Amino acid sequence: PKTHRVMTLADHISHIITQDFARNQ
Amino acid sequence: PCPVAPSSRSSQEVWESFSQCFTPAVKEVVEFAKSIPGFQTLSQHDQVMLLKSGTFQVLMVRFCSLFDPKERTVTFLNGQTYSLASLRALGMGSLLDAMFDFSEKLASLGLEQDEMALFMAVVLVSADRSGIVEVGAVEQLQENLIKALRSLITSRRPDDSTLFPKLLLRLPDLRTLNNQHSEKLLAFRID
(Lines give C-alpha, C1' and ligand atoms only; values in the text may rest on other atoms or scores of the structure.)
Protein backbone atom coordinates (compact mmCIF):
# COMPACT_ATOMS: atom_id res chain seq x y z
CA PRO A 1 0.00 0.00 0.00
CA LYS A 2 1.19 3.57 -0.76
CA THR A 3 2.14 5.47 2.40
CA HIS A 4 2.37 9.22 2.67
CA ARG A 5 4.59 11.54 4.64
CA VAL A 6 2.79 14.76 5.46
CA MET A 7 4.73 17.77 6.64
CA THR A 8 4.21 21.50 6.79
CA LEU A 9 5.69 23.80 4.18
CA ALA A 10 7.92 25.28 6.89
CA ASP A 11 9.23 21.84 7.91
CA HIS A 12 9.80 20.89 4.27
CA ILE A 13 11.80 24.09 3.74
CA SER A 14 13.83 23.51 6.93
CA HIS A 15 14.55 19.93 5.90
CA ILE A 16 15.95 20.97 2.51
CA ILE A 17 18.09 23.73 4.04
CA THR A 18 19.53 21.44 6.72
CA GLN A 19 20.33 18.82 4.07
CA ASP A 20 22.03 21.41 1.84
CA PHE A 21 24.29 22.76 4.58
CA ALA A 22 25.10 19.26 5.84
CA ARG A 23 26.10 18.18 2.33
CA ASN A 24 28.35 21.24 1.87
CA GLN A 25 30.09 20.86 5.22
CA PRO B 1 8.30 24.02 -13.80
CA CYS B 2 5.33 22.56 -12.02
CA PRO B 3 3.70 19.46 -13.41
CA VAL B 4 0.29 20.26 -11.91
CA ALA B 5 -1.98 17.55 -13.24
CA PRO B 6 -4.47 17.35 -16.08
CA SER B 7 -7.91 16.90 -14.60
CA SER B 8 -7.72 13.09 -14.80
CA ARG B 9 -5.49 12.80 -11.74
CA SER B 10 -6.82 12.76 -8.18
CA SER B 11 -6.32 15.89 -6.09
CA GLN B 12 -3.99 13.81 -3.90
CA GLU B 13 -1.72 13.18 -6.90
CA VAL B 14 -2.03 16.81 -7.90
CA TRP B 15 -1.05 17.74 -4.38
CA GLU B 16 1.98 15.51 -4.45
CA SER B 17 3.22 17.01 -7.71
CA PHE B 18 2.60 20.49 -6.31
CA SER B 19 4.59 19.58 -3.19
CA GLN B 20 7.46 18.37 -5.34
CA CYS B 21 7.63 21.83 -6.92
CA PHE B 22 8.86 23.36 -3.70
CA THR B 23 12.06 21.34 -3.44
CA PRO B 24 13.93 22.90 -6.41
CA ALA B 25 12.53 26.33 -5.57
CA VAL B 26 13.91 26.13 -2.01
CA LYS B 27 17.30 24.99 -3.24
CA GLU B 28 17.44 27.99 -5.56
CA VAL B 29 16.78 30.31 -2.61
CA VAL B 30 19.68 28.70 -0.72
CA GLU B 31 21.99 29.30 -3.70
CA PHE B 32 20.65 32.86 -4.02
CA ALA B 33 21.40 33.51 -0.34
CA LYS B 34 24.99 32.35 -0.72
CA SER B 35 25.44 34.88 -3.53
CA ILE B 36 24.35 37.82 -1.34
CA PRO B 37 27.49 39.88 -0.55
CA GLY B 38 28.24 39.37 3.14
CA PHE B 39 25.78 36.51 3.75
CA GLN B 40 28.50 33.87 3.95
CA THR B 41 30.45 35.95 6.47
CA LEU B 42 27.65 35.19 8.94
CA SER B 43 28.10 32.09 11.09
CA GLN B 44 26.81 28.87 9.50
CA HIS B 45 24.24 28.60 12.28
CA ASP B 46 22.89 32.09 11.57
CA GLN B 47 22.85 31.46 7.80
CA VAL B 48 20.72 28.34 8.38
CA MET B 49 18.40 30.14 10.82
CA LEU B 50 17.84 33.09 8.45
CA LEU B 51 17.11 30.69 5.59
CA LYS B 52 14.69 28.68 7.70
CA SER B 53 12.75 31.75 8.73
CA GLY B 54 13.05 33.73 5.48
CA THR B 55 12.89 31.26 2.58
CA PHE B 56 9.09 31.06 2.45
CA GLN B 57 8.92 34.85 2.19
CA VAL B 58 11.55 34.95 -0.57
CA LEU B 59 9.58 32.27 -2.41
CA MET B 60 6.44 34.40 -2.15
CA VAL B 61 8.28 37.26 -3.88
CA ARG B 62 9.70 34.93 -6.53
CA PHE B 63 6.32 33.32 -7.23
CA CYS B 64 4.73 36.75 -7.82
CA SER B 65 5.86 36.72 -11.44
CA LEU B 66 3.74 33.57 -11.97
CA PHE B 67 0.56 35.33 -10.83
CA ASP B 68 -1.60 37.43 -13.14
CA PRO B 69 -3.75 39.48 -10.75
CA LYS B 70 -5.99 40.81 -13.56
CA GLU B 71 -6.82 37.43 -15.07
CA ARG B 72 -6.67 35.62 -11.70
CA THR B 73 -4.46 32.95 -13.23
CA VAL B 74 -1.15 31.29 -12.35
CA THR B 75 1.26 30.30 -15.13
CA PHE B 76 3.87 27.76 -14.11
CA LEU B 77 7.34 27.69 -15.69
CA ASN B 78 6.26 24.81 -17.93
CA GLY B 79 3.79 27.21 -19.53
CA GLN B 80 0.68 25.61 -18.02
CA THR B 81 -1.81 28.26 -16.91
CA TYR B 82 -4.40 27.59 -14.21
CA SER B 83 -7.29 29.66 -13.03
CA LEU B 84 -7.58 30.46 -9.35
CA ALA B 85 -10.75 28.37 -9.24
CA SER B 86 -9.03 25.23 -10.55
CA LEU B 87 -6.20 25.61 -8.04
CA ARG B 88 -8.65 26.00 -5.17
CA ALA B 89 -9.15 22.22 -5.42
CA LEU B 90 -5.65 21.94 -3.93
CA GLY B 91 -7.00 23.43 -0.73
CA MET B 92 -4.63 26.40 -0.92
CA GLY B 93 -7.43 28.90 -1.60
CA SER B 94 -6.60 31.28 1.23
CA LEU B 95 -2.88 31.30 0.39
CA LEU B 96 -3.63 31.86 -3.29
CA ASP B 97 -5.96 34.78 -2.52
CA ALA B 98 -3.28 36.35 -0.34
CA MET B 99 -0.69 35.75 -3.09
CA PHE B 100 -2.84 37.48 -5.70
CA ASP B 101 -3.25 40.53 -3.46
CA PHE B 102 0.45 40.65 -2.59
CA SER B 103 1.64 40.19 -6.19
CA GLU B 104 -0.75 42.94 -7.35
CA LYS B 105 0.74 45.39 -4.86
CA LEU B 106 4.34 44.38 -5.66
CA ALA B 107 3.78 44.45 -9.43
CA SER B 108 2.32 47.97 -9.16
CA LEU B 109 5.74 49.22 -7.97
CA GLY B 110 7.26 48.27 -11.34
CA LEU B 111 10.64 47.08 -10.06
CA GLU B 112 13.46 46.13 -12.40
CA GLN B 113 14.98 42.62 -12.13
CA ASP B 114 18.03 43.78 -10.19
CA GLU B 115 15.89 45.85 -7.82
CA MET B 116 13.69 42.80 -7.21
CA ALA B 117 16.75 40.66 -6.49
CA LEU B 118 18.11 43.20 -4.00
CA PHE B 119 14.66 43.41 -2.41
CA MET B 120 14.67 39.62 -1.99
CA ALA B 121 18.06 39.86 -0.28
CA VAL B 122 16.58 42.44 2.12
CA VAL B 123 13.58 40.14 2.69
CA LEU B 124 15.86 37.25 3.64
CA VAL B 125 18.05 39.15 6.11
CA SER B 126 14.98 40.86 7.61
CA ALA B 127 13.47 37.51 8.57
CA ASP B 128 12.64 36.52 12.13
CA ARG B 129 15.66 36.78 14.44
CA SER B 130 14.53 34.41 17.19
CA GLY B 131 17.16 31.74 16.40
CA ILE B 132 19.97 34.16 15.54
CA VAL B 133 23.11 34.19 17.72
CA GLU B 134 25.08 37.14 16.30
CA VAL B 135 22.17 39.58 15.88
CA GLY B 136 24.52 42.53 15.41
CA ALA B 137 26.16 40.97 12.36
CA VAL B 138 22.79 40.23 10.76
CA GLU B 139 21.51 43.75 11.49
CA GLN B 140 24.65 45.26 9.95
CA LEU B 141 24.15 43.16 6.82
CA GLN B 142 20.49 44.18 6.69
CA GLU B 143 21.43 47.85 6.99
CA ASN B 144 23.97 47.57 4.17
CA LEU B 145 21.47 45.85 1.89
CA ILE B 146 18.72 48.38 2.64
CA LYS B 147 21.15 51.21 1.90
CA ALA B 148 22.09 49.58 -1.40
CA LEU B 149 18.42 49.09 -2.29
CA ARG B 150 17.56 52.68 -1.43
CA SER B 151 20.42 54.13 -3.52
CA LEU B 152 19.62 51.87 -6.49
CA ILE B 153 15.94 52.88 -6.49
CA THR B 154 16.47 56.59 -5.84
CA SER B 155 19.26 56.83 -8.42
CA ARG B 156 16.84 55.57 -11.07
CA ARG B 157 13.81 57.58 -9.90
CA PRO B 158 15.23 60.75 -8.30
CA ASP B 159 11.85 62.47 -8.30
CA ASP B 160 9.87 59.55 -6.79
CA SER B 161 10.39 59.56 -3.03
CA THR B 162 7.38 57.28 -2.35
CA LEU B 163 8.52 54.08 -4.07
CA PHE B 164 11.18 53.07 -1.52
CA PRO B 165 8.92 53.43 1.54
CA LYS B 166 6.14 51.59 -0.33
CA LEU B 167 8.57 48.75 -1.02
CA LEU B 168 9.62 48.47 2.61
CA LEU B 169 5.93 48.28 3.54
CA ARG B 170 5.80 44.97 1.72
CA LEU B 171 8.01 43.41 4.42
CA PRO B 172 5.25 43.22 7.06
CA ASP B 173 2.91 41.84 4.37
CA LEU B 174 5.38 39.05 3.75
CA ARG B 175 5.72 38.32 7.42
CA THR B 176 1.92 38.02 7.69
CA LEU B 177 1.86 35.70 4.65
CA ASN B 178 4.53 33.63 6.34
CA ASN B 179 2.77 33.43 9.70
CA GLN B 180 -0.56 32.55 8.10
CA HIS B 181 0.56 30.04 5.49
CA SER B 182 3.93 28.44 6.09
CA GLU B 183 2.23 25.83 8.24
CA LYS B 184 0.26 24.60 5.20
CA LEU B 185 0.55 20.85 4.78
CA LEU B 186 2.43 19.19 1.94
CA ALA B 187 2.11 15.51 1.15
CA PHE B 188 4.84 13.21 -0.16
CA ARG B 189 4.18 9.66 -1.33
CA ILE B 190 6.69 7.12 0.04
CA ASP B 191 6.61 3.97 -2.09
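Please read these numbers as outputs of a predicted model, since none were measured by experiment. Every chain is numbered from 1 and lettered A, B, ... according to where its sequence line falls, protein lines coming before strand lines.
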Discussion item. List the residues meeting side chain to side chain contact (heavy atoms under 4.5 Å, CB included) with B:E112, not counting sequence neighbours, and say none if there are none.
Written reply: B:D114, B:E115, B:R156, B:R157
Practice prompt. For chain A, find its close neighbours in residues 119-151 of chain B: heavy-atom separation under 4.5 Å, sorted by number, or none.
Written response: none
Worksheet item: For chain A, which residues from residues 44-67 of chain B have at least one heavy atom closer than 4.5 Å to it?
Response: B:Q44, B:Q47, B:V48, B:L51, B:K52, B:T55, B:F56, B:L59
Discussion item. Quick check: closest heavy atoms across B:K34 and A:D20, and the distance to 0.1 Å?
Written reply: NZ-OD1, 2.8 Å
Item to complete: Could you tell me which residues satisfy salt bridge (Lys or Arg N to Asp or Glu O under 4.0 Å) with B:D173, sequence neighbours excluded, listed by chain and number?
Response: B:K105, B:R170
Worksheet item: Counting heavy atoms not belonging to B:Q113, are there more than 12 under 6.0 Å from its CD?
Response: no
Discussion item. Side chains of B:F22 and A:I16, heavy atoms from C-beta outward: is any pair under 4.5 Å?
Written reply: no
